[in-house]
Amino acid sequence: MDWYSIVKFLHVVSAILWVGGGFVLFLLGVLAERAGNVEEKLQAMLASGQLGGRFFAPMSMLTLIFGLIMCSFWVGFSDLWIIIGLVGYATTFSIGMFIFKPTGERMGAMIAKEGVTPAALAIGQRMMSAARFDYAVMLVIIADMVFKPTTQDVGILAGMALVVAAGAALAFGGTRRLVPSAA
């Protein structure tokens, strides 16, 4: 076994914990939303906010660090797939730090102070919308790491662009209601 294999293993494990853990919480929120269970959805969103700085941010940083180590010593930084991966990472890290973290904290404080209110639910809904886009970006990062596209791989690159566009449309093209409207 060589150092590259060890660093690559650590990169993949930290990525699995980061992406997989977050996806499970997102999926719990979506399932609760479909079932109309506001409490379970709020629990998933609050857990995402609580784990953001304690678990997801460190795992994402470890993923980046191990990836940068591999690039520095073995792969380099000039390949298109490396650039796409770094841009994708910067995008999803920014979403986590500038949307998920403050939104989760604001929603948690609001619920602690006032209970579950329509305003708190609206904040949670915006968080779920951003998560749709975030996981589209993460899917592209995963595909990028597996396929390692070059400029010649037009089909793969087009597919990746389509996934990001679909994620943006799902996230920002209209939001679903967290609570059914009173008719």
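Values below: every heavy atom of this structure, side chains too, minus hydrogens, waters and symmetry copies.
Across every non-hydrogen atom of S5 and M1, the tightest pair is CB-CG, 4.1 Å. The minimum heavy-atom distance linking G88 with V137 is given by the pair O-CG1, 3.6 Å. Scanning both residues, C71 and I82, for their nearest heavy atoms gives SG-CD1, 3.5 Å. Summarising the geometry of S129 relative to A171, their closest heavy-atom pair is O-CB, 2.8 Å, with the distance given to 0.1 Å. Nearest heavy atom pair, residue A120 against residue I111, reads CB-CG1, 3.8 Å. Here the shortest heavy-atom pairing between T150 and L80 reads C-CD2, 3.7 Å.
For the atom pair L42 CG and I123 CD1, the distance stands at 11.0 Å (nearest 0.5 Å). The CE atom of M107 sits 10.5 Å away from the OG1 atom of T117 when rounded to the nearest 0.5 Å. Between L10 atom CG and I65 atom CD1 the span is 11.5 Å, to the nearest 0.5 Å. Separating the CE atom in M61 from the CZ atom in F93 is a distance of 5.5 Å, to the nearest 0.5 Å. Atom NZ of K41 and atom CG of L28 lie 12.0 Å apart (nearest 0.5 Å). Residue L121 holds its CG atom at 7.0 Å from CE of M45, rounded to the nearest 0.5 Å.
By the 30° and 60° cut-offs, the orientation of the rings of F23 relative to F26 is tilted.
Residues L86 and L68 meet the side-chain proximity criterion, which asks for heavy atoms closer than 4.5 Å. You'll find the side chain of D134 stays beyond 4.5 Å of the side chain of I99, heavy atoms only. Taking the side chain as every heavy atom from C-beta outward, W18 and P58 never approach each other to under 4.5 Å. For the pair F56/L17, no side-chain contact is recorded, criterion being any heavy-atom separation below 4.5 Å from C-beta on. Using a 4.5 Å heavy-atom threshold, the side chains of I141 and T91 count as separate. Taking the side chain as every heavy atom from C-beta outward, V19 and Y135 approach each other to under 4.5 Å.
Taking hydrophobic clusters as Ile, Leu, Val, Met, Phe, Trp and Tyr residues chained together by side-chain heavy-atom distances below 4.5 Å, V146 does not share a cluster with L162. I16 and F66 fall into different hydrophobic clusters, where Ile, Leu, Val, Met, Phe, Trp and Tyr side chains are chained together by heavy-atom contacts under 4.5 Å. Cluster membership check: W3 shares its hydrophobic cluster with I69, using side-chain heavy-atom separations under 4.5 Å among Ile, Leu, Val, Met, Phe, Trp and Tyr. The hydrophobic clustering, which links ILVMFWY residues whose side-chain heavy atoms are closer than 4.5 Å, places L27 and F55 together. One hydrophobic cluster, built from ILVMFWY side chains closer than 4.5 Å, holds both F73 and I6.
Between the K148 side chain and the M145 main chain, a donor and an acceptor come within less than 3.5 Å of each other. Between the side chain of T103 and the main chain of F100, no donor-acceptor pair closer than 3.5 Å is present. With hydrogens and angles ignored, the 3.5 Å screen pairs a side-chain donor or acceptor of Y89 with a backbone N or O of S60.
The 12-atom threshold is exceeded at CH2 of W74, counting heavy atoms of other residues, nucleotides or ligands nearer than 6.0 Å. Around atom CZ of F147, no more than 12 heavy atoms belonging to other residues, nucleotides or ligands sit under 6.0 Å away.
With respect to M160, the side-chain contact (heavy atoms from CB on, under 4.5 Å) criterion is satisfied by exactly one of L139, D153, V140: V140.
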